[in-house]
Amino acid sequence: MVELLPSILSADFAHLADQIAAAERGGGTTIHVDVMDGHFVPNITIGPPVVASLRKATNLPLDCHLMIDNPNDFIAAFAEAGADWVSVHYEACPHLHRTLEMIIHHGMKPGVVLNPATRVDLISEILPMVHHVLIMSVNPGFGGQEFIPFSLDKVRQLVEMRRKLRLKFKIEIDGGVAHDTVAQVVQAGAEMLVAGSAVFEPGRTEHKAAELLRLARAAAPSL
Ligand code: DX5
Ligand code: ZN
């Protein structure tokens, strides 16, 4: 089943609760929260205090995408703030297995993220531990960037790895997912679609989310 994860990076940060409610009415089922530290990526966004506020504003699961160096130092804080899913970058974790164990130990669902230039076969050993794999289809740091087409091959490779290994992790994709790219993303096999700029627009968020989800589901391969 294809699902939409609205990324609040493109929302109006002064009205997050209202914007999330609109995205939920449009069919969003998990809220994607982009955490940036100005080191791992060239931008700074939000951290655990905002996640704690979001936790009170919505019942939807919070999917925290950590684009930060040393994520181990913050896993407990995100757990305490109420994060449900925590994804860490392969590129930021020299001891990825340990980091994923920490996330599990804190009661959250672990995910691993791959930058566009990182090969999917590098994570084969840890796939049995993860709840989801997030394929970045832009270089992380900003919303509204153009979709990188070779990301589709990475999604297809991951679908094949999951089949061969008989695993059940979810395949998430993030970056440039919009009305003109969503069909190919879904056809490649991505199930959890993160979208920011294609969803959030004052007064139109509910409609844009619903339309993106409609296009995604229309493209989904029938079982
Ligand atoms: C980029 C973030 C994305 C971002 C996507 O570093 O990880 O979640 O919000 O934005 P769009 O959907 O506008 O490409
Ligand atoms: Zn993200």
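Remember, it's 1-based here, ligands and their atoms both numbered in the order they're listed. We're numbering straight along the sequence, starting at 1. Note that the structure is predicted; figures quoted are calculated from it, not measured.
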Q.
Run H32 and D174 through side chain to side chain contact (heavy atoms under 4.5 Å, CB included) and show every step you take.
A. CA-CA 10 Å; H32 185 83; D174 183 7; 3.2 Å; yes
among protein heavy atoms, the one nearest atom 12 (O) of ligand 1 is G196 N, 2.8 Å
Does the side chain of D69 come under 3.5 Å of the side chain of H39 through a donor N or O and an acceptor N or O? no
The atoms of ligand 1 lying under 4.0 Å from a heavy atom of D174, numbered in the order shown, are 2 (C), 3 (C), 4 (C), 5 (C), 7 (O), 8 (O)
Checking distances from the Zn ion (ligand 2), one finds that the N, O or S atom of D34 closest to it is OD1
For the Zn ion (ligand 2), the nearest N/O/S atom on H65 is atom ND1
Ranked by distance from atom 6 (O) of ligand 1, the top protein heavy atom is G141 N, 2.7 Å
Atoms of ligand 1 under 4.0 Å from any heavy atom of P140, numbered from 1 in the order shown, are 6 (O)
task = Say whether I44 and M67 are linked into one hydrophobic cluster, either directly or through other cluster members, by side-chain heavy-atom distances under 4.5 angstrom.
result = no
So the atoms of ligand 1 within less than 4.0 Å of a heavy atom of G144 turn out to be 10 (O), 11 (P), 13 (O), 14 (O)
For S7, the atoms of ligand 1 under 4.0 Å from one of its heavy atoms are 4 (C), 8 (O), 9 (O)
Nearest heavy-atom contact between P140 and H89 is CG-CE1, 4.0 Å
- Message: Could you go through R98 and E101, starting from their C-alpha distance and side-chain angles, then the distance that decides it, and tell me whether this counts as salt bridge (charged side-chain N to carboxylate O under 4.0 Å, His left out)?
- Response: CA-CA 5 Å; R98 176 181 291 151; E101 281 192 326; over 6 Å; no
Under 4.0 Å from one or more heavy atoms of D34, ligand 1 contributes atoms 2 (C), 3 (C), 4 (C), 7 (O), 8 (O), 9 (O)
**Message:** I want to know if ligand 1 touches L9 in the polar sense, i.e. an N/O pair below 3.5 angstrom.
**Reply:** no
For atom 10 (O) of ligand 1, the closest protein heavy atom turns out to be G143 CA, 3.4 Å
Between S7 and D34, the two heavy atoms sitting closest are OG-OD2, 2.8 Å
Near M67 (heavy-atom distance under 4.0 Å), the atoms of ligand 1 are 6 (O), 7 (O)
- Give the C-alpha distance, both sets of side-chain angles, the deciding distance and a yes or no for side chain to side chain contact (heavy atoms under 4.5 Å, CB included) between F142 and L9. CA-CA 8 Å; F142 303 95; L9 186 60; 5.8 Å; no
Assess the residue pair L215 and V186 against the criterion (side chain to side chain contact (heavy atoms under 4.5 Å, CB included)); give the C-alpha distance rounded to whole Å, side-chain angles, the decisive distance to 0.1 Å, and a yes or no. CA-CA 10 Å; L215 291 170; V186 169; over 6 Å; no
Examine L5 and I171 and state if one hydrophobic cluster contains both, with Ile, Leu, Val, Met, Phe, Trp and Tyr joined whenever side-chain heavy atoms are less than 4.5 Å apart.
no
re atom 1 (C) of ligand 1, the protein heavy-atom contact at minimum distance is F142 O, 3.5 Å
Can you establish whether the number of heavy atoms outside E160 located under 6.0 Å from its atom CD is more than 12? yes
Heavy-atom closest pair (V113 atom, M136 atom, distance to 0.1 Å) is CG1-CG, 3.6 Å
So the atoms of ligand 1 within less than 4.0 Å of a heavy atom of M136 turn out to be 7 (O)
Any atom of ligand 1 sitting under 4.0 Å from a heavy atom of A198?
no
Note to self: Test your reading of the structure: does G176 have an N or O sitting under 3.5 Å from an N or O of ligand 1?
What the structure shows: yes
Per-atom filter on ligand 1: closer than 4.0 angstrom to a heavy atom of S197 are 11 (P), 12 (O), 13 (O)
The atom of D174 among N, O or S that is nearest the Zn ion (ligand 2) is OD2
